[in-house]
Amino acid sequence: MTEELPHWIGGTRTAGGSGRTLPIENPATGEIERHAPMANAGEVDAAVQAAARAFPAWSATPPAKRAQVMFKFREKIHQHMDEITELVSREHGKTLADARGSLMRGLEVLEFTCGIQQFLKGELSPDVATGIDLSDIRQPLGVCAGITPFNFPEMIPLWMFPMAIACGNTFVLKPSEQDPSAPLRLAELMHEAGLPEGVLNVVHGDREAVDSILDHPQIEGVSFVGSTKVAEVIRRRGTANGKRVQAFGGAKNHMVVMPDADMDQAADALLGAGYGAAGERCMAVSVAVPVGQETGDALIERLAPRVRNLKIGPYTDTEADMGPLISSAAKERVEGYVETGIQEGAEAVVDGRGLTLQGYENGHFMGGTLFDRVTTDMRIYKEEIFGPVLSVVRADTPQQALDITNGHEYGNGAAIFTSDGDTARAFANQVQYGMVGVNVPIPVPPAYHSFGGWKRSIFAEHDIYGAEAVRFYTKHKTITARWPSGIGSGAGFNFKGSSDS
Ligand code: NAD
């Protein structure tokens, strides 16, 4: 048996007690690196109790002091950047450069929390009536929980717990069971940065742990990122139990290519956005919509050799463009979609199935796949494949391209490549997606804006990170006050307007 990861409960490494574990693989070699304990309801409860005990003191800690911990945590991450990056790549499979980039994006969200005082500042209205002042403040929810997907094992937890904790909440994180080592390490580093015990806890687990979180009466808020199927369940069960829940789901991101676009730039953009991280990104472009048959031909002509020449390798290969898929099950699923696409009548211009790398025969590698003449009734169009598969859906007119894009049930990211400002402006205004790129294929907003899709990519009132996260992780309160000198004599029985004397 390999090493078994501990949970992180109450500021200490805590061995799993359920007797149930799952293996964590290195997707490049197929070797089992370690095992993760799968928490049961009792272990989730232990983490929640630790968080509940820590809440009174932490929520009463001045925001400026909380921010000091965030500054130190940031330093710790910088000191351990290579170690965390390696943990991510080893368990996820993505290249080291890509893992580093996603850690930097998570770090930027953490940096935003270093100025949390600015966002927790209240408002005061003096004299809302004679002698009466009103203040508006925001207070933390209590114990919050985060449930995160495998594809950004460090970045997405960093989108959640620093902001929740900076707002004065305490937190239980349930990272993906497929690559949980990096988030565990982040919790340890935050402790080293001075976070009091119990403020941040990590429990590993699968559905049993998630259900225990959703049913736990002491958890007030839940943030979830993952597939739409699960996001919907999380939202429904969590809100039915009276919790505040934000759940972010899957995607099918479209990129419209106009005839006036620079075709080489468009092809390069599609290559990086479609095949980076083996397509395992919620903002990956998985559908290209060229407008006009000539544009379609020009795009395919440029894309096909680029896709064939993608360099695929383990994360230790610094020349690799992309790594393996996360698991043999993921590879089987994605290759199954390629077969489905062929059966459905799409044209497989490049078929990435059947790739084996010498020395990595047990790795979950797959080459890039490019489909042309995909239609909107095909399963490969309708469903999220979450692999290195790009579908080209040809449109005859800009309006048809817009209609195709808007017709999809998901609404995370959409992009247009064009050199015409009017066309870009009309597309940006009319497209029914939460994040829009103009000549930018993956329009992920920076930390001081917020991230969120539309339609069935989101089940939430608030987007994630940025100012929206402060609203999610806090409750609004008004305090209306007057002092004895302003209180007249006698009881008041009638409602009064502010301007009544
Ligand atoms: P997933 O939905 O399988 O798992 C996400 C989390 O939910 C994990 O922690 C997992 O343990 C848990 N889970 C899985 N099945 C569950 C069930 N039946 N009941 C309760 N909990 C369950 O997602 P994944 O495969 O880890 O990640 C890929 C998905 O995440 C893709 O659909 C991708 O688009 C999406 N994603 C979305 C965003 C976004 O911001 N919208 C960002 C990243 C990933």
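For ligands, and for the atoms within them, numbers begin at 1 and follow the listed sequence. Every value quoted in this text rests on a predicted model; they were computed, and no experiment measured them.
Open room surrounds NZ on Lys229; 12 or fewer heavy atoms of other groups in view lie less than 6.0 Å from it. Counting heavy-atom neighbours within 6.0 Å of Glu197 CD, excluding the residue itself, gives a total of 12 or less.
For atom 36 (N) of ligand 1, the nearest protein heavy atom (residue, atom name, distance) is Cys282 CB, 3.5 Å. When only non-hydrogen protein atoms are considered, atom 7 (O) of ligand 1 lies nearest to Phe224 CE1, 3.3 Å. Closest to atom 40 (O) of ligand 1 among all protein heavy atoms lies Phe451 CE2, 3.0 Å. Protein heavy atom nearest atom 35 (C) of ligand 1, with residue, atom name and distance: Gly226 O, 3.1 Å. In this structure, atom 27 (O) of ligand 1 lies nearest to the protein heavy atom Pro149 CB, 3.2 Å. Looking from atom 14 (C) of ligand 1 to the surrounding protein, the closest heavy atom is Val230 CG2, 4.1 Å.
Taking only nitrogen or oxygen atoms, main chain and side chain alike, Ser227 reaches within less than 3.5 Å of ligand 1. Checking only distances, Phe150 does come within under 3.5 Å of ligand 1, N or O to N or O.
Checked for salt-bridge contact, Glu111 and Arg74 meet the test: a charged N lies under 4.0 Å from a carboxylate O. Residues Glu335 and Arg353 are not paired through a salt bridge, judged by the lack of any N-O separation under 4.0 Å between the basic side chain and the carboxylate. A salt bridge between Arg235 and Glu461 is present, with a side-chain N of the basic residue lying under 4.0 Å from a carboxylate O of the acidic one. Here Lys475 does not pair with Glu220 in a salt bridge; the nearest charged N to carboxylate O distance is not below 4.0 Å. One finds no salt bridge joining Arg185 and Glu154 here, because no Lys/Arg side-chain nitrogen approaches an Asp/Glu carboxylate oxygen to under 4.0 Å. Taking the charged nitrogens against the carboxylate oxygens, Arg100 and Asp82 do have a contact shorter than 4.0 Å, which makes a salt bridge. Between Lys94 and Asp179 there is no salt bridge, since no side-chain nitrogen of the basic residue lies less than 4.0 Å from a carboxylate oxygen of the acidic one.
If you number the atoms of ligand 1 from 1 as listed, the ones under 4.0 Å from a heavy atom of Glu384 come out as 31 (C), 32 (O), 33 (C), 34 (O). Of all the atoms in ligand 1, the ones that sit under 4.0 Å from a non-hydrogen atom of Val210 are 20 (C), 21 (N). With ligand atoms numbered from 1 in the order given, ligand 1 contributes 8 (C), 9 (O), 10 (C), 11 (O) to contacts under 4.0 Å with heavy atoms of Lys174. Every atom of ligand 1 with a heavy atom of Ile147 under 4.0 Å away is listed here by number and element: 6 (C), 7 (O), 9 (O). For ligand 1, the atoms sitting less than 4.0 Å from at least one non-hydrogen atom of Asn151 are 43 (C), 44 (C), numbered in the order shown with element in parentheses.
Remark: of the listed residues Met70, Met190, Arg66, Met190 is the sole one forming a side-chain contact (heavy atoms from CB on, under 4.5 Å) with Leu195.
The distance between the ring centers of Phe119 and Phe112 falls below 6.0 angstrom. Between Phe152 and His92, a ring centre-to-centre spacing not shorter than 6.0 Å is recorded.
Using 4.0 Å as the threshold, Gly249 has a heavy atom nearer than that to some atom of ligand 1. Put simply, no part of Ile326 is less than 4.0 Å from ligand 1, judged by heavy atoms. Distances shorter than 4.0 angstrom do not occur between any heavy atom of Val233 and any atom of ligand 1. Ligand 1 lies less than 4.0 angstrom from a heavy atom belonging to Phe386.
Looking at Ser223, its side chain never comes within 3.5 Å of a backbone N or O of Gly221 through a donor-acceptor pair.
Within the 4.0 angstrom cut-off, atom 4 (O) of ligand 1 has no protein heavy-atom neighbours.
Comparing heavy-atom distances from atom 9 (O) of ligand 1 across Asp206, Asn253, Thr148, Ile464 singles out Thr148 as nearest. Nearest residue to atom 17 (C) of ligand 1 from Gln178, Arg281, Arg207, Glu177 is Arg207 (criterion: closest heavy atom).
Looking at Phe152 against ligand 1, nothing comes within 4.0 Å, counting heavy atoms. When heavy-atom distances to ligand 1 are checked against a 4.0 Å cut-off, Ile156 comes that close only through its side chain, counted from C-beta outward.
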